[in-house]
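Ligands are counted one by one from 1 in listed order, and the atoms in each one are counted from 1 as well. Because only heavy atoms are used, hydrogens play no part in the values below, and waters and symmetry mates are left out as well, while side chains stay in.
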Amino acid sequence: MTNAQSILEFQSNVSLKGRNTFGIAANAKRFAEVTDESALQRWANEHGKNERPFILGGGSNLLLTADIAEPVLHIAPLGIRVVEQDAASALVEAMAGEPWHAFVLWTLERGLCGLENLSLIPGYVGAGPVQNIGAYGVEIKERCERVVAVDLRTGELKTFSRGECAFGYRDSIFKHLERDRYAITRVYFRLSKTFSARVTYGDIQSELAANKVASPTARDVSNAVIAIRSRKLPDPAVIGNAGSFFQNPVVSVVKADELSAKHPTMARYPAPDGVKLAAGWLIEHAGWKGRTINGAGVHEKHALVLVNHGGATGASLWQLAQMIQVDVLAKFGVQLEAEPRVV
Ligand code: FAD
Ligand code: EPU
């Protein structure tokens, strides 16, 4: 082994079963834990021309249908600090390997507001910008000021402004255009010292009302989100899943009206470029809720969540997902797109 190779320590044939929340058995031919940004830069500088790594966080938005032949880099540098602050706000730097939910709690403990609606999303900070994580009326793009990443082809450290990240609904340049090129190592958040509640999402309002909270704090909103999520979504530690398996489709107003005329109870929400439909509603009304095929299932409480009942393989889950796509297209004329990365 040369010096350059030893900058990162690679292990061979590493099981990824405990590193993806579906709990799928698959191996990485080579695997390295990256805890040091500058070591990653040196490795990329030496190897970036020849190697095309696969970037792994907590594997909570991933479906593995095969082993991974590329070198897998688990991006795991740690650290959270306030970089600058004034009376109104603070700029917080979080390293990519910090667990997301623990980071949200860290900000709330310090009276920093803005991430409370994003409580309890699994995974690590570094993956947050990749699909512009969102929940309960807030997306990370609203709080993320910039992103720092290592260019895995050259080893250079690059800063992306919010605009350069090209955030969209469950999207950014890191998810598609530049996937596996930039390893995000740090994310900077602008957080407010005064709380302004974002409780337009119906579920939060009813949860707060049930708890008789009239003037919520950021903590109250976080607790409400935690309670709702814990009721609705299966815990990956108990039953393998990757959250929503499909994105909510956006269709034209004409198409949405046509569907609403046939299905007056269909869930629909205004979107900037049309109407957003609830994929969970479409899947449930196509008759898939609670069904299981070869260990791969549609969760009985939430039709948008595919689950591993124990014996599923990546292939059986992907087969189920494709059957659902074909059926929803046939029944409603709507194409569903997978949200997780499928390998
Ligand atoms: P991984 O699954 O490991 O990776 C996801 C993608 O990001 C891959 O393409 C990977 O290559 C890339 N990536 C990971 N780390 C980096 C990095 N440092 N640099 C560059 N690329 C990287 N998502 C939501 O948006 N909203 C939700 O409400 C939500 N709820 C969920 C609930 C459950 C129960 C589960 C299991 C998942 C949920 N998710 C949700 C999906 C998932 O948790 C998020 O997308 C999360 O950000 C993925 O983080 P991860 O570290 O597990 O990334
Ligand atoms: N619905 C059904 N049947 C179901 C499930 C849902 O009819 O089995 C309908 C209901 O009408 C419900 C509507 O779908 O009102 C929306 O459901 P929910 O509020 O649970 O939200 P979602 O659209 O399924 C989205 C995100 C989640 C996020 C929540 C809360 C996507 C793809 N999913 O889910 O994100 O946590 O809103 O904001 O946008 C994820 O991305 O992995 C994820 C979990």
Side-chain angles (χ1 to χ4, degrees), residues 16 19-22 34 40 53-64 72-77 95-101 117-140 147-150 152 169-170 172-176 178-187 201-204 225 228-249 265-269 276-285 288-290 298-305 307 336-343:
L16 299 176
R19 293 183 179 274
N20 70 96
T21 58
F22 265 124
V34 180
L40 178 60
F54 179 100
I55 304 172
L56 181 68
S60 64
N61 214 26
L62 181 63
L63 176 60
L64 293 168
V72 173
L73 301 178
H74 179 231
I75 309 297
M95 301 302 283
E98 292 290 341
W100 173 260
H101 179 60
N117 295 50
L118 302 177
S119 295
L120 214 61
I121 297 181
Y124 293 98
V125 164
V130 174
Q131 75 156 5
N132 177 26
I133 51 171
Y136 297 95
V138 173
E139 289 180 330
I140 200 179
V147 167
V148 171
V150 173
L152 293 177
Y169 165 62
R170 296 295 187 271
S172 77
I173 55 159
F174 307 108
K175 187 159 175 178
H176 294 115
E178 300 286 18
R179 189 174 74 189
D180 288 335
R181 169 155 186 192
Y182 294 104
I184 296 171
T185 49
R186 297 181 238 166
V187 186
Y201 213 91
D203 285 354
I204 300 189
V225 168
I228 300 163
R229 295 182 66 102
S230 306
R231 275 200 303 269
K232 270 196 178 178
L233 295 168
D235 177 355
V238 179
I239 180 161
N241 76 92
S244 302
F245 195 87
F246 299 102
Q247 296 180 19
N248 284 327
T265 63
M266 184 189 72
R268 54 181 288 174
Y269 316 94
K276 195 181 263 187
L277 304 182
W281 188 96
L282 296 170
I283 297 167
E284 177 174 349
H285 288 81
W288 288 92
K289 199 167 182 172
V298 180
H299 192 50
E300 71 272 6
K301 283 202 213 151
H302 203 303
L304 193 44
V305 181
V307 293
L336 295 180
E337 302 293 343
E339 180 190 287
R341 177 171 186 177
V342 181
V343 179

So which heavy atom on A279 is nearest to which on L336, and how close? CB-CD2, 3.9 Å
Counting heavy atoms under 4.0 Å, the part of V130 that contacts ligand 1 is side chain
Does the N241 side chain pair with the main chain of P234, one donor and one acceptor, at a distance under 3.5 Å? yes
Does the N or O separation between P236 and ligand 1 drop below 3.5 Å for any pair? no
What part of N241 sits under 4.0 Å from ligand 1 if we count only heavy atoms: the side chain, the backbone, both or neither? both
Are the side chains of L62 and L16 in contact, using a 4.5 Å heavy-atom criterion? no
Under the criterion side chain to side chain contact (heavy atoms under 4.5 Å, CB included), I'd like the reasoning laid out for L277 against R268: C-alpha separation, chi angles, the key distance, then a yes or no. CA-CA 5 Å; L277 304 182; R268 54 181 288 174; 4.1 Å; yes
Give the atoms of ligand 2, by number and element, whose distance to some non-hydrogen atom of Q247 is under 4.0 Å. 32 (C)
Atom 4 (C) of ligand 2: which protein heavy atom is closest, and how many Å away? E284 OE1, 3.5 Å
Counting heavy atoms only, which of Q131, H101, R19 comes nearest to atom 45 (O) of ligand 1? Q131
Under-4.0 Å heavy-atom contact with ligand 1, by part of I75 that carries it: side chain
Quick one: does Y182 get a heavy atom under 4.0 Å from ligand 1? yes
Going by the order shown, which atoms of ligand 2 are within less than 4.0 Å of some heavy atom of L304? 24 (O)
Tell me whether N132 has any N or O atom under 3.5 angstrom from an N or O of ligand 1. no
Can you tell me which residue and heavy atom of the protein come closest to atom 5 (C) of ligand 1, and the distance to 0.1 Å? N61 CB, 4.0 Å
Among I55, V125, L56, which one puts a heavy atom closest to atom 22 (C) of ligand 1? I55
Nitrogen or oxygen of G134 less than 3.5 angstrom from that of ligand 1: yes
Starting from atom 18 (N) of ligand 1, what is the nearest protein heavy atom, named by residue and atom, and what distance separates them? I184 O, 2.9 Å
Among non-hydrogen protein atoms, atom 34 (O) of ligand 2 lies closest to S244 OG, 4.0 Å
Heavy-atom pair with the smallest gap, counting every atom of Y169 and E139: CA-OE2, 3.8 Å
Working for salt bridge (charged side-chain N to carboxylate O under 4.0 Å, His left out), residues D180 and R341: CA-CA 12 Å; D180 288 335; R341 177 171 186 177; 2.5 Å; yes
What part of W100, side chain, backbone, both or neither, has a heavy atom within less than 4.0 angstrom of ligand 1? neither
Under a heavy-atom criterion of less than 4.0 Å, does E139 contact ligand 1? no
Would A135 count as being in polar contact with ligand 1, using the rule that some N or O on each side must be under 3.5 angstrom apart? no
Which ligand 2 atoms does F246 reach within 4.0 Å, using its non-hydrogen atoms? 32 (C)
So, does R229 sit close enough to ligand 2 that a heavy atom of it is under 4.0 Å from the ligand? yes
How far apart are the closest heavy atoms of K301 and K232, and which atoms are they? CB-O, 4.3 Å
What protein heavy atom is closest to atom 50 (P) of ligand 1, reported as residue, atom name and distance in Å? G58 N, 3.3 Å
Minimum non-hydrogen distance to atom 27 (C) of ligand 2, winning option of R170, E339, E139: R170
Closest approach of A242 to P340 (non-hydrogen atoms, all atoms of both residues): CB-CG, 4.2 Å
Taking 4.0 angstrom as the limit and counting only heavy atoms of G243, give me the atoms of ligand 2 inside it, by number and element. 42 (O)
So if I count the atoms of ligand 2 from 1 in the order they appear, which ones are less than 4.0 Å from some heavy atom of Y269? 13 (C), 15 (O), 16 (C)
Does some non-hydrogen atom of R229 fall short of 4.0 Å from ligand 1? yes
Of the listed options (S60, P53, G243, A242), which comes nearest to atom 43 (O) of ligand 1 when hydrogens are ignored and any heavy atom counts? S60
Report the member of A127, A183, A149, A96 with the shortest heavy-atom distance to atom 14 (C) of ligand 1. A127
The single option from H299, E300, H302, E284 that satisfies side-chain hydrogen bond (donor to acceptor under 3.5 Å, both in side chains) with K289 is E284
Which of the numbered atoms in ligand 2 are under 4.0 angstrom from any heavy atom belonging to N248? 23 (O), 31 (C), 32 (C), 39 (O)
Closest heavy-atom pair, S230 versus L120, reported as atoms and distance to 0.1 Å, is OG-CD2, 3.7 Å
Report the part of I121 in contact with ligand 1, treating N, CA, C, O as backbone and CB onward as side chain, heavy atoms under 4.0 Å; options are side chain, backbone, both, neither. side chain
Would you say P122 has any N or O atom under 3.5 Å from an N or O of ligand 1, going by distance alone? yes
Would you call the rings of F245 and F22 parallel, tilted or perpendicular, taking 30° and 60° as the class edges? tilted
Nearest non-hydrogen protein atom to atom 17 (O) of ligand 2, with distance, is H302 NE2, 4.0 Å
Heteroatom proximity flag, G59 to ligand 1, N/O under 3.5 Å: yes
for atom 21 (O) of ligand 2, nearest protein heavy atom and its distance come out as Y201 OH, 3.8 Å
Heavy-atom nearest option to atom 31 (C) of ligand 2, drawn from Y136, W281, Y169: Y169
Looking at N248 and A278, would you say the former's side chain and the latter's main chain have a donor-acceptor pair under 3.5 Å? no
Of all the heavy atoms in F245, does at least one lie under 4.0 Å from an atom in ligand 2? no
Might you check, step by step, whether the distance between atom 10 (C) of ligand 2 and some protein heavy atom is under 4.0 Å? no
Number the atoms of ligand 2 from 1 as they appear, then name those within less than 4.0 Å of a heavy atom of K232, with their elements. 18 (P), 19 (O), 20 (O)
Which of the atoms in ligand 2, numbered in the order shown and given with their element, are less than 4.0 Å from a heavy-atom of A267? 11 (O)
Which residue supplies the protein heavy atom nearest to atom 4 (O) of ligand 1, what is that atom called, and how far is it? G57 N, 4.4 Å
